[in-house]
Amino acid sequence: MSEMIHFFMEICYAIFGGFCLQYFLGSFLEHRNFMEYRNFLERRKFLEHREITGDKKFSGLKPRETALFAAASYAACTLLLSRFLPYGYADIRVLARQAALLGVTALLAAIFYRAGRAVTGYLVITFAAVGSISFFIAYSVLLVSGGLYDVWMWCMERNFLVNGGNAPIFIRATAIGQQILMFIVYSVLYFLSLRKIVNSFREKEYPASKTELSFLLAPSLAGLLVCVLLRMLVVTVEEVRPELLYDRHPLLVAIIPVILILCLLSILYSIKLFQDMVALNRERNSRAVLERQIGGIQAQMAEMEHIHSGIRSMKHDMKNTLAVIMRLARQGGENAELREYLSQLNHNFDRLELRYGTGNEVVDTLLNMKSHELEKSVPEVKLCADELLFTENIVIGSYDIGVIVGNALDNAAEACEKIQGEDRERFIRLSSFSRGKMFFIKVENSFDGKLAWKKGMEFPASTKPDKKAHGIGLANIQSTAEKYHGGVDWQVKSGKFVLTVMLKNERKNLS
(Lines give C-alpha, C1' and ligand atoms only; values in the text may rest on other atoms or scores of the structure.)
Protein backbone atom coordinates (compact mmCIF):
# COMPACT_ATOMS: atom_id res chain seq x y z
CA MET A 1 0.00 0.00 0.00
CA SER A 2 2.75 2.45 0.94
CA GLU A 3 4.65 1.67 -2.27
CA MET A 4 1.52 2.39 -4.32
CA ILE A 5 1.01 5.72 -2.56
CA HIS A 6 4.67 6.59 -3.06
CA PHE A 7 4.46 5.77 -6.77
CA PHE A 8 1.25 7.78 -7.15
CA MET A 9 2.83 10.82 -5.46
CA GLU A 10 5.90 10.42 -7.67
CA ILE A 11 3.64 10.64 -10.73
CA CYS A 12 1.99 13.77 -9.30
CA TYR A 13 5.38 15.42 -8.75
CA ALA A 14 6.48 14.53 -12.30
CA ILE A 15 3.29 15.85 -13.94
CA PHE A 16 3.36 19.06 -11.95
CA GLY A 17 7.04 19.52 -12.79
CA GLY A 18 6.21 19.19 -16.48
CA PHE A 19 3.47 21.80 -16.14
CA CYS A 20 5.86 24.21 -14.42
CA LEU A 21 8.51 23.59 -17.08
CA GLN A 22 6.29 24.50 -20.03
CA TYR A 23 4.97 27.55 -18.14
CA PHE A 24 8.43 28.79 -17.20
CA LEU A 25 10.23 28.20 -20.49
CA GLY A 26 7.21 29.25 -22.55
CA SER A 27 7.21 32.63 -20.79
CA PHE A 28 10.77 33.37 -21.91
CA LEU A 29 11.41 31.37 -25.08
CA GLU A 30 9.52 31.12 -28.37
CA HIS A 31 7.87 27.85 -29.30
CA ARG A 32 9.33 26.20 -32.36
CA ASN A 33 7.05 26.73 -35.32
CA PHE A 34 5.45 24.11 -37.53
CA MET A 35 7.72 24.70 -40.52
CA GLU A 36 10.69 23.17 -38.70
CA TYR A 37 8.67 20.07 -37.82
CA ARG A 38 7.20 19.82 -41.31
CA ASN A 39 10.62 20.00 -42.97
CA PHE A 40 11.86 17.38 -40.53
CA LEU A 41 8.98 15.09 -41.42
CA GLU A 42 9.19 15.70 -45.15
CA ARG A 43 12.82 14.64 -45.20
CA ARG A 44 11.71 11.28 -43.88
CA LYS A 45 8.68 11.03 -46.17
CA PHE A 46 6.17 10.90 -43.35
CA LEU A 47 3.66 13.06 -45.23
CA GLU A 48 2.67 10.42 -47.78
CA HIS A 49 -0.71 9.98 -46.14
CA ARG A 50 -1.51 13.64 -46.62
CA GLU A 51 -0.48 13.52 -50.28
CA ILE A 52 -2.53 10.40 -50.96
CA THR A 53 -5.71 11.36 -49.12
CA GLY A 54 -5.56 15.06 -49.94
CA ASP A 55 -6.18 15.96 -46.32
CA LYS A 56 -5.46 19.68 -45.96
CA LYS A 57 -6.40 20.02 -42.29
CA PHE A 58 -3.02 18.99 -41.00
CA SER A 59 -1.55 22.15 -39.47
CA GLY A 60 1.34 20.83 -37.40
CA LEU A 61 2.17 21.52 -33.79
CA LYS A 62 0.63 24.65 -32.35
CA PRO A 63 2.13 26.47 -29.35
CA ARG A 64 -0.40 24.88 -26.99
CA GLU A 65 0.36 21.44 -28.36
CA THR A 66 4.08 22.10 -28.12
CA ALA A 67 3.67 23.04 -24.45
CA LEU A 68 1.68 19.86 -23.84
CA PHE A 69 4.36 17.69 -25.46
CA ALA A 70 7.08 19.47 -23.48
CA ALA A 71 5.25 18.89 -20.18
CA ALA A 72 4.55 15.23 -20.96
CA SER A 73 8.14 14.61 -22.08
CA TYR A 74 9.56 16.14 -18.89
CA ALA A 75 7.21 14.07 -16.71
CA ALA A 76 8.13 10.88 -18.57
CA CYS A 77 11.87 11.59 -18.35
CA THR A 78 11.59 12.34 -14.62
CA LEU A 79 9.84 9.03 -13.97
CA LEU A 80 12.41 7.14 -16.02
CA LEU A 81 15.26 8.74 -14.08
CA SER A 82 13.58 7.73 -10.82
CA ARG A 83 13.59 4.13 -11.99
CA PHE A 84 17.02 3.87 -13.58
CA LEU A 85 18.95 6.51 -11.62
CA PRO A 86 17.45 6.83 -8.13
CA TYR A 87 18.98 9.00 -5.42
CA GLY A 88 21.52 7.25 -3.23
CA TYR A 89 22.87 7.96 0.23
CA ALA A 90 25.77 10.40 0.21
CA ASP A 91 27.30 9.08 -3.00
CA ILE A 92 27.95 10.19 -6.57
CA ARG A 93 24.44 9.24 -7.65
CA VAL A 94 23.09 12.47 -6.19
CA LEU A 95 25.29 14.55 -8.51
CA ALA A 96 24.62 12.21 -11.43
CA ARG A 97 20.86 12.45 -10.94
CA GLN A 98 20.96 16.25 -10.70
CA ALA A 99 23.20 16.53 -13.78
CA ALA A 100 20.84 14.22 -15.69
CA LEU A 101 17.83 16.38 -14.75
CA LEU A 102 19.63 19.52 -15.92
CA GLY A 103 20.55 17.78 -19.17
CA VAL A 104 16.96 16.64 -19.76
CA THR A 105 15.63 20.15 -19.12
CA ALA A 106 18.17 21.70 -21.51
CA LEU A 107 17.41 19.07 -24.17
CA LEU A 108 13.65 19.66 -23.96
CA ALA A 109 14.26 23.40 -24.16
CA ALA A 110 16.23 22.86 -27.38
CA ILE A 111 13.61 20.52 -28.87
CA PHE A 112 10.41 22.39 -28.10
CA TYR A 113 11.64 25.98 -27.78
CA ARG A 114 14.10 28.31 -29.47
CA ALA A 115 16.78 27.85 -26.84
CA GLY A 116 19.68 29.43 -28.68
CA ARG A 117 19.91 32.35 -26.27
CA ALA A 118 22.38 32.83 -23.43
CA VAL A 119 19.53 33.22 -20.94
CA THR A 120 18.52 29.57 -21.52
CA GLY A 121 21.26 28.31 -19.19
CA TYR A 122 19.97 30.63 -16.47
CA LEU A 123 16.40 29.37 -17.02
CA VAL A 124 17.42 25.71 -16.78
CA ILE A 125 19.44 26.12 -13.58
CA THR A 126 16.90 28.45 -11.97
CA PHE A 127 14.06 26.04 -12.77
CA ALA A 128 15.96 23.19 -11.09
CA ALA A 129 17.02 25.33 -8.12
CA VAL A 130 13.53 26.64 -7.36
CA GLY A 131 12.12 23.11 -7.65
CA SER A 132 14.70 21.64 -5.27
CA ILE A 133 14.35 24.47 -2.75
CA SER A 134 10.55 24.15 -2.80
CA PHE A 135 10.83 20.41 -2.26
CA PHE A 136 13.08 20.69 0.78
CA ILE A 137 10.96 23.43 2.34
CA ALA A 138 7.92 21.19 1.88
CA TYR A 139 9.93 18.29 3.32
CA SER A 140 10.65 20.42 6.39
CA VAL A 141 6.91 20.93 6.79
CA LEU A 142 6.53 17.16 6.59
CA LEU A 143 9.08 16.69 9.38
CA VAL A 144 7.36 19.24 11.58
CA SER A 145 4.00 17.55 11.00
CA GLY A 146 5.62 14.28 12.11
CA GLY A 147 5.00 15.45 15.67
CA LEU A 148 1.39 14.41 15.12
CA TYR A 149 2.45 10.79 15.60
CA ASP A 150 3.51 11.53 19.16
CA VAL A 151 0.13 13.10 19.79
CA TRP A 152 -1.66 10.09 18.33
CA MET A 153 0.41 7.69 20.40
CA TRP A 154 -0.34 9.66 23.55
CA CYS A 155 -4.05 9.59 22.71
CA MET A 156 -4.04 5.89 21.90
CA GLU A 157 -2.30 5.03 25.15
CA ARG A 158 -5.19 6.67 27.00
CA ASN A 159 -7.85 5.37 24.59
CA PHE A 160 -9.01 8.89 23.82
CA LEU A 161 -9.38 8.48 20.05
CA VAL A 162 -8.94 4.93 18.88
CA ASN A 163 -8.35 1.47 20.17
CA GLY A 164 -5.57 -0.84 19.22
CA GLY A 165 -7.54 -2.48 16.41
CA ASN A 166 -7.93 0.50 14.12
CA ALA A 167 -4.72 2.32 15.09
CA PRO A 168 -2.85 1.20 11.95
CA ILE A 169 -5.62 2.63 9.76
CA PHE A 170 -5.47 5.92 11.60
CA ILE A 171 -1.69 6.11 11.30
CA ARG A 172 -1.84 5.22 7.59
CA ALA A 173 -4.40 7.96 6.99
CA THR A 174 -2.12 10.41 8.79
CA ALA A 175 0.81 9.37 6.58
CA ILE A 176 -1.28 9.90 3.44
CA GLY A 177 -2.38 13.29 4.72
CA GLN A 178 1.22 14.26 5.33
CA GLN A 179 2.19 13.32 1.77
CA ILE A 180 -0.70 15.37 0.40
CA LEU A 181 0.22 18.33 2.63
CA MET A 182 3.83 18.14 1.46
CA PHE A 183 2.76 18.05 -2.19
CA ILE A 184 0.44 21.04 -1.71
CA VAL A 185 3.16 23.11 -0.01
CA TYR A 186 5.66 22.11 -2.71
CA SER A 187 3.27 22.89 -5.59
CA VAL A 188 2.13 26.25 -4.24
CA LEU A 189 5.65 27.41 -3.39
CA TYR A 190 7.10 26.13 -6.68
CA PHE A 191 4.51 27.69 -8.96
CA LEU A 192 4.26 31.01 -7.10
CA SER A 193 8.05 31.37 -7.15
CA LEU A 194 8.22 30.69 -10.89
CA ARG A 195 5.36 33.10 -11.53
CA LYS A 196 7.12 35.76 -9.47
CA ILE A 197 10.24 35.30 -11.59
CA VAL A 198 8.23 35.50 -14.82
CA ASN A 199 6.42 38.66 -13.72
CA SER A 200 9.51 40.34 -12.27
CA PHE A 201 11.67 39.57 -15.32
CA ARG A 202 10.10 42.28 -17.47
CA GLU A 203 13.00 42.64 -19.92
CA LYS A 204 12.74 39.12 -21.34
CA GLU A 205 14.23 40.18 -24.69
CA TYR A 206 17.09 42.10 -23.12
CA PRO A 207 20.44 40.72 -24.42
CA ALA A 208 22.18 40.29 -21.09
CA SER A 209 25.97 40.26 -21.07
CA LYS A 210 28.06 37.49 -19.52
CA THR A 211 28.63 39.57 -16.40
CA GLU A 212 24.92 40.22 -16.00
CA LEU A 213 24.08 36.55 -16.51
CA SER A 214 26.69 35.59 -13.93
CA PHE A 215 25.09 37.99 -11.48
CA LEU A 216 21.69 36.39 -12.11
CA LEU A 217 23.00 32.85 -12.09
CA ALA A 218 24.95 33.01 -8.82
CA PRO A 219 21.95 32.82 -6.41
CA SER A 220 20.29 30.03 -8.42
CA LEU A 221 23.48 27.99 -8.62
CA ALA A 222 24.16 28.50 -4.91
CA GLY A 223 20.63 27.40 -4.01
CA LEU A 224 20.88 24.34 -6.24
CA LEU A 225 24.22 23.29 -4.68
CA VAL A 226 22.78 23.74 -1.18
CA CYS A 227 19.98 21.35 -2.11
CA VAL A 228 22.46 18.86 -3.58
CA LEU A 229 24.45 19.05 -0.36
CA LEU A 230 21.30 18.41 1.66
CA ARG A 231 20.48 15.35 -0.42
CA MET A 232 23.95 13.99 0.27
CA LEU A 233 23.82 14.68 4.01
CA VAL A 234 20.18 14.36 5.00
CA VAL A 235 20.42 10.56 5.28
CA THR A 236 23.44 8.80 6.75
CA VAL A 237 23.94 5.08 7.19
CA GLU A 238 25.07 3.98 10.63
CA GLU A 239 25.61 0.23 11.05
CA VAL A 240 23.47 -0.58 8.01
CA ARG A 241 20.67 1.54 9.48
CA PRO A 242 19.69 4.82 7.75
CA GLU A 243 19.50 7.79 10.06
CA LEU A 244 18.14 11.26 9.31
CA LEU A 245 20.39 14.24 9.84
CA TYR A 246 17.47 15.96 11.58
CA ASP A 247 17.38 13.20 14.22
CA ARG A 248 21.00 13.78 15.14
CA HIS A 249 20.64 17.59 15.07
CA PRO A 250 17.02 18.58 15.79
CA LEU A 251 17.74 22.31 15.46
CA LEU A 252 18.30 21.80 11.74
CA VAL A 253 14.53 21.40 11.34
CA ALA A 254 14.32 25.16 11.95
CA ILE A 255 17.67 26.28 10.54
CA ILE A 256 17.58 24.55 7.15
CA PRO A 257 14.17 25.98 6.08
CA VAL A 258 15.42 29.47 6.94
CA ILE A 259 18.54 28.93 4.82
CA LEU A 260 16.40 27.64 1.94
CA ILE A 261 13.96 30.54 2.18
CA LEU A 262 16.89 32.98 2.09
CA CYS A 263 18.23 31.20 -1.01
CA LEU A 264 14.83 31.46 -2.67
CA LEU A 265 14.48 35.14 -1.77
CA SER A 266 17.96 35.83 -3.12
CA ILE A 267 16.90 34.32 -6.46
CA LEU A 268 13.72 36.41 -6.58
CA TYR A 269 15.26 39.69 -5.45
CA SER A 270 18.33 39.35 -7.66
CA ILE A 271 15.93 39.53 -10.62
CA LYS A 272 14.32 42.68 -9.24
CA LEU A 273 17.74 44.22 -8.72
CA PHE A 274 18.74 43.21 -12.25
CA GLN A 275 15.61 44.80 -13.70
CA ASP A 276 16.32 48.00 -11.79
CA MET A 277 19.85 48.00 -13.22
CA VAL A 278 18.49 47.56 -16.75
CA ALA A 279 16.00 50.39 -16.22
CA LEU A 280 18.78 52.61 -14.83
CA ASN A 281 21.05 51.89 -17.81
CA ARG A 282 18.19 52.56 -20.20
CA GLU A 283 17.45 55.81 -18.41
CA ARG A 284 21.10 56.80 -18.73
CA ASN A 285 21.03 55.98 -22.44
CA SER A 286 17.83 57.99 -22.84
CA ARG A 287 19.38 60.89 -21.00
CA ALA A 288 22.44 60.70 -23.23
CA VAL A 289 20.19 60.73 -26.30
CA LEU A 290 18.27 63.68 -24.89
CA GLU A 291 21.50 65.56 -24.24
CA ARG A 292 22.57 64.93 -27.83
CA GLN A 293 19.16 66.10 -29.00
CA ILE A 294 19.50 69.27 -26.94
CA GLY A 295 22.84 69.92 -28.60
CA GLY A 296 21.31 69.18 -31.98
CA ILE A 297 18.39 71.53 -31.41
CA GLN A 298 20.77 74.26 -30.25
CA ALA A 299 22.80 73.78 -33.42
CA GLN A 300 19.60 73.83 -35.48
CA MET A 301 18.50 77.07 -33.81
CA ALA A 302 21.90 78.57 -34.59
CA GLU A 303 21.58 77.48 -38.20
CA MET A 304 18.10 78.95 -38.41
CA GLU A 305 19.44 82.22 -37.06
CA HIS A 306 22.21 82.02 -39.67
CA ILE A 307 19.61 81.50 -42.39
CA HIS A 308 17.56 84.46 -41.19
CA SER A 309 20.71 86.56 -41.01
CA GLY A 310 21.55 85.54 -44.57
CA ILE A 311 18.07 86.50 -45.72
CA ARG A 312 18.34 89.90 -44.02
CA SER A 313 21.78 90.41 -45.56
CA MET A 314 20.46 89.55 -49.02
CA LYS A 315 17.60 91.98 -48.59
CA HIS A 316 20.06 94.64 -47.52
CA ASP A 317 22.18 94.04 -50.59
CA MET A 318 19.18 93.82 -52.92
CA LYS A 319 19.59 97.39 -54.17
CA ASN A 320 23.21 96.79 -55.10
CA THR A 321 22.24 93.50 -56.71
CA LEU A 322 19.56 95.17 -58.82
CA ALA A 323 22.04 97.86 -59.84
CA VAL A 324 24.48 95.20 -61.09
CA ILE A 325 21.70 93.48 -63.02
CA MET A 326 20.68 96.77 -64.67
CA ARG A 327 24.28 97.60 -65.58
CA LEU A 328 24.83 94.19 -67.17
CA ALA A 329 21.56 94.51 -69.05
CA ARG A 330 22.52 97.94 -70.47
CA GLN A 331 25.84 96.63 -71.76
CA GLY A 332 24.06 94.39 -74.22
CA GLY A 333 25.96 91.78 -76.18
CA GLU A 334 26.27 88.29 -74.79
CA ASN A 335 23.77 87.44 -72.02
CA ALA A 336 25.65 84.37 -70.75
CA GLU A 337 27.24 86.27 -67.89
CA LEU A 338 23.86 87.69 -66.89
CA ARG A 339 22.20 84.31 -66.99
CA GLU A 340 24.95 82.74 -64.89
CA TYR A 341 24.71 85.52 -62.34
CA LEU A 342 20.93 85.20 -62.07
CA SER A 343 21.19 81.41 -61.83
CA GLN A 344 23.62 81.67 -58.93
CA LEU A 345 21.37 84.21 -57.30
CA ASN A 346 18.35 81.90 -57.54
CA HIS A 347 20.41 79.02 -56.14
CA ASN A 348 21.34 81.10 -53.12
CA PHE A 349 17.72 82.04 -52.56
CA ASP A 350 16.65 78.38 -52.80
CA ARG A 351 19.29 77.35 -50.31
CA LEU A 352 18.12 79.94 -47.80
CA GLU A 353 14.43 79.28 -48.33
CA LEU A 354 12.39 77.90 -45.40
CA ARG A 355 10.03 75.38 -46.98
CA TYR A 356 7.79 74.82 -43.97
CA GLY A 357 5.71 77.20 -41.92
CA THR A 358 4.12 75.36 -39.01
CA GLY A 359 4.09 78.31 -36.62
CA ASN A 360 6.90 76.82 -34.52
CA GLU A 361 10.45 77.82 -35.47
CA VAL A 362 12.03 74.72 -33.93
CA VAL A 363 9.75 72.40 -35.90
CA ASP A 364 10.29 74.42 -39.09
CA THR A 365 14.04 74.02 -38.70
CA LEU A 366 13.75 70.29 -38.00
CA LEU A 367 11.58 69.77 -41.06
CA ASN A 368 13.85 71.87 -43.23
CA MET A 369 16.99 69.99 -42.17
CA LYS A 370 15.37 66.55 -42.41
CA SER A 371 14.06 67.44 -45.86
CA HIS A 372 17.58 68.26 -47.08
CA GLU A 373 18.93 65.03 -45.51
CA LEU A 374 16.25 62.92 -47.21
CA GLU A 375 16.98 64.53 -50.58
CA LYS A 376 20.49 63.10 -50.29
CA SER A 377 19.77 59.70 -48.72
CA VAL A 378 16.30 58.80 -50.05
CA PRO A 379 15.26 61.36 -52.68
CA GLU A 380 12.04 59.45 -53.41
CA VAL A 381 10.56 60.29 -50.00
CA LYS A 382 7.78 62.88 -50.01
CA LEU A 383 7.81 64.86 -46.78
CA CYS A 384 4.49 66.64 -46.26
CA ALA A 385 3.69 68.83 -43.24
CA ASP A 386 0.96 71.08 -44.61
CA GLU A 387 -1.44 70.00 -41.86
CA LEU A 388 1.09 70.36 -39.03
CA LEU A 389 0.20 73.69 -37.44
CA PHE A 390 1.00 75.28 -34.09
CA THR A 391 -1.21 78.22 -33.26
CA GLU A 392 -0.59 80.88 -30.64
CA ASN A 393 -2.78 79.10 -28.07
CA ILE A 394 -0.39 76.13 -27.96
CA VAL A 395 1.43 76.47 -24.64
CA ILE A 396 3.46 73.25 -24.96
CA GLY A 397 7.18 73.99 -24.80
CA SER A 398 9.01 74.26 -28.12
CA TYR A 399 11.78 72.01 -26.84
CA ASP A 400 9.30 69.25 -25.96
CA ILE A 401 7.61 69.56 -29.34
CA GLY A 402 11.05 69.37 -30.94
CA VAL A 403 11.81 66.12 -29.05
CA ILE A 404 8.57 64.55 -30.27
CA VAL A 405 8.83 65.68 -33.89
CA GLY A 406 12.58 65.04 -34.09
CA ASN A 407 12.36 61.44 -32.82
CA ALA A 408 9.29 60.72 -34.94
CA LEU A 409 11.03 62.05 -38.06
CA ASP A 410 14.14 59.96 -37.36
CA ASN A 411 12.08 56.78 -36.98
CA ALA A 412 10.01 57.53 -40.08
CA ALA A 413 13.10 58.30 -42.18
CA GLU A 414 14.75 55.05 -41.03
CA ALA A 415 11.62 53.10 -42.01
CA CYS A 416 11.51 54.71 -45.47
CA GLU A 417 15.18 53.91 -46.09
CA LYS A 418 14.49 50.19 -45.57
CA ILE A 419 11.82 49.97 -48.25
CA GLN A 420 13.01 47.91 -51.21
CA GLY A 421 11.80 48.37 -54.79
CA GLU A 422 11.66 51.50 -56.90
CA ASP A 423 7.89 51.22 -57.42
CA ARG A 424 7.13 51.42 -53.67
CA GLU A 425 5.77 54.73 -52.44
CA ARG A 426 7.85 56.44 -49.76
CA PHE A 427 6.22 59.20 -47.75
CA ILE A 428 6.18 60.94 -44.39
CA ARG A 429 3.09 62.95 -43.45
CA LEU A 430 2.79 65.09 -40.34
CA SER A 431 -0.40 66.67 -39.04
CA SER A 432 -1.87 68.08 -35.85
CA PHE A 433 -5.32 68.76 -34.43
CA SER A 434 -7.00 69.70 -31.16
CA ARG A 435 -9.85 68.09 -29.22
CA GLY A 436 -10.82 70.27 -26.30
CA LYS A 437 -7.76 70.73 -24.11
CA MET A 438 -5.90 67.89 -25.81
CA PHE A 439 -3.46 68.52 -28.66
CA PHE A 440 -2.54 65.69 -31.04
CA ILE A 441 0.52 65.24 -33.26
CA LYS A 442 0.16 62.54 -35.91
CA VAL A 443 3.01 61.11 -38.00
CA GLU A 444 2.33 58.63 -40.84
CA ASN A 445 5.04 56.97 -42.87
CA SER A 446 5.38 54.09 -45.29
CA PHE A 447 7.45 51.07 -44.24
CA ASP A 448 8.36 47.62 -45.48
CA GLY A 449 5.69 45.88 -43.39
CA LYS A 450 8.18 44.23 -41.03
CA LEU A 451 8.01 45.02 -37.32
CA ALA A 452 10.40 43.55 -34.77
CA TRP A 453 7.75 43.33 -32.08
CA LYS A 454 7.74 40.83 -29.22
CA LYS A 455 5.02 39.90 -26.78
CA GLY A 456 5.15 42.04 -23.68
CA MET A 457 6.94 44.93 -25.39
CA GLU A 458 5.19 48.29 -25.55
CA PHE A 459 6.83 49.50 -28.75
CA PRO A 460 8.34 47.80 -31.80
CA ALA A 461 12.00 47.00 -31.23
CA SER A 462 14.69 48.74 -33.22
CA THR A 463 16.53 46.72 -35.85
CA LYS A 464 19.75 48.59 -35.17
CA PRO A 465 22.78 46.58 -33.98
CA ASP A 466 22.66 48.14 -30.48
CA LYS A 467 19.71 46.18 -29.09
CA LYS A 468 20.27 47.46 -25.55
CA ALA A 469 19.23 50.93 -26.69
CA HIS A 470 16.18 49.75 -28.61
CA GLY A 471 13.04 51.87 -28.46
CA ILE A 472 14.79 54.91 -26.91
CA GLY A 473 13.29 57.28 -29.50
CA LEU A 474 9.73 56.13 -28.85
CA ALA A 475 10.43 55.97 -25.12
CA ASN A 476 11.54 59.63 -25.21
CA ILE A 477 8.35 60.54 -27.06
CA GLN A 478 6.26 58.74 -24.45
CA SER A 479 8.19 60.35 -21.59
CA THR A 480 7.55 63.78 -23.07
CA ALA A 481 3.86 62.98 -23.62
CA GLU A 482 3.48 61.82 -20.01
CA LYS A 483 5.01 65.10 -18.92
CA TYR A 484 1.91 66.74 -20.40
CA HIS A 485 -0.46 64.07 -18.99
CA GLY A 486 -0.78 62.45 -22.39
CA GLY A 487 0.24 59.25 -24.11
CA VAL A 488 1.43 57.55 -27.30
CA ASP A 489 -0.45 55.23 -29.63
CA TRP A 490 0.79 53.42 -32.76
CA GLN A 491 -1.04 51.45 -35.43
CA VAL A 492 -0.31 49.73 -38.72
CA LYS A 493 -2.78 50.49 -41.50
CA SER A 494 -2.48 49.38 -45.14
CA GLY A 495 1.30 49.35 -45.30
CA LYS A 496 1.83 52.52 -43.28
CA PHE A 497 2.90 53.14 -39.71
CA VAL A 498 0.79 55.68 -37.82
CA LEU A 499 2.14 57.29 -34.64
CA THR A 500 -0.21 59.50 -32.61
CA VAL A 501 0.99 61.58 -29.66
CA MET A 502 -1.56 63.11 -27.30
CA LEU A 503 -0.62 66.10 -25.10
CA LYS A 504 -2.62 68.18 -22.67
CA ASN A 505 -2.39 71.81 -23.74
CA GLU A 506 -1.90 73.30 -20.27
CA ARG A 507 1.02 75.18 -18.85
CA LYS A 508 0.38 74.19 -15.22
CA ASN A 509 1.35 70.97 -13.41
CA LEU A 510 4.31 70.26 -15.71
CA SER A 511 7.26 68.40 -14.20
Measure the shortest side-chain to side-chain distance between [X] and [Y] over non-hydrogen atoms and say whether it is less than 4.5 angstrom.
| X | Y | answer |
| --- | --- | --- |
| Leu367 | Leu409 | yes |
| Ile125 | Leu224 | yes |
| Leu216 | Ile267 | no |
| Tyr74 | Phe127 | yes |
| Leu101 | Gln98 | yes |
| Leu503 | Ile404 | yes |
| Leu264 | Leu262 | no |
| Val378 | Glu417 | yes |

In Å and rounded to the nearest 0.5 Å, what is the [atom1] to [atom2] distance from [X] to [Y]?
| X | Y | atom1 | atom2 | answer |
| --- | --- | --- | --- | --- |
| Ile477 | Trp490 | CD1 | CH2 | 13.5 Å |
| Thr120 | Leu25 | OG1 | CG | 8.0 Å |
| Ser431 | Glu444 | OG | CD | 6.0 Å |
| Leu499 | Leu474 | CG | CG | 6.5 Å |
| Glu375 | Leu383 | CD | CG | 9.5 Å |
| Met438 | Lys504 | CE | NZ | 7.0 Å |

Counting N and O atoms only, with roles assigned by atom type, does the side chain of [X] sit under 3.5 Å from a partner on the main chain of [Y], one being a donor and the other an acceptor?
| X | Y | result |
| --- | --- | --- |
| Gln491 | Phe497 | no |
| Thr78 | Ala14 | no |
| Arg426 | Ser446 | no |
| Ser200 | Lys272 | no |
| Ser434 | Gly436 | no |
| Gln22 | Phe19 | yes |

Pair Phe24, Ile197 - check side-chain contact (heavy atoms from CB on, under 4.5 Å), show working. CA-CA 9 Å; Phe24 190 58; Ile197 294 174; 3.8 Å; yes
Should the heavy atoms of other residues, nucleotides or ligands under 6.0 Å from [atom1] of [X] be counted, would the total exceed 12?
| X | atom1 | value |
| --- | --- | --- |
| Glu387 | CD | no |
| Lys204 | NZ | yes |
| Tyr269 | OH | no |

How far apart are the closest heavy atoms of [X] and [Y], and which atoms are they?
| X | Y | result |
| --- | --- | --- |
| Phe447 | Lys496 | CE2-C, 3.6 Å |
| Asn368 | Tyr356 | N-CD1, 3.9 Å |
| Ala481 | Val488 | CB-CG2, 4.1 Å |
| Gly18 | Ala71 | O-CB, 3.3 Å |
| Ser266 | Pro219 | OG-CB, 3.7 Å |
| Asn505 | Val395 | OD1-N, 2.9 Å |

Sort out for me which residue in Val363, Asn360, Val362 forms a side-chain contact (heavy atoms from CB on, under 4.5 Å) with Val405.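 Checked Val363, Asn360, Val362 against Val405; only one passes side-chain contact (heavy atoms from CB on, under 4.5 Å): Val363.
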Intermediate values then yes/no, side-chain contact (heavy atoms from CB on, under 4.5 Å), Cys416 and Ile428: CA-CA 8 Å; Cys416 290; Ile428 301 175; 3.9 Å; yes
Examine [X] together with [Y] and report whether their ring centres are nearer than 6.0 Å.
| X | Y | answer |
| --- | --- | --- |
| Phe274 | Phe215 | no |
| Tyr113 | Phe28 | no |
| Tyr190 | Tyr23 | no |
| Tyr484 | Phe439 | no |

Kindly determine whether Phe440 and Ser432 satisfy side-chain contact (heavy atoms from CB on, under 4.5 Å), including the steps that lead there. CA-CA 5 Å; Phe440 296 83; Ser432 62; over 6 Å; no
Using the rule given for side-chain hydrogen bond (donor to acceptor under 3.5 Å, both in side chains), can you reason through Asp400 versus Thr480, listing the C-alpha separation, both sets of side-chain angles and the distance that settles it, and then say yes or no? CA-CA 6 Å; Asp400 295 319; Thr480 305; 4.9 Å; no
Using the six-membered ring of Phe427, assess whether NZ or CZ of Arg429 lies under 6.0 Å from its centre and within 45 degrees of the ring axis.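 Relative to the ring axis of Phe427, which defines the angle, Arg429 lies inside both limits.
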Side-chain ion pair, Asp410 and Lys370, N-O less than 4.0 Å: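 Here Asp410 pairs with Lys370 in a salt bridge, since their nearest N and O are under 4.0 Å apart.
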Under the side-chain contact (heavy atoms from CB on, under 4.5 Å) rule, what do Arg435 and Phe433 come out as? Steps first, then yes or no, please. CA-CA 7 Å; Arg435 293 288 186 272; Phe433 58 93; 3.5 Å; yes
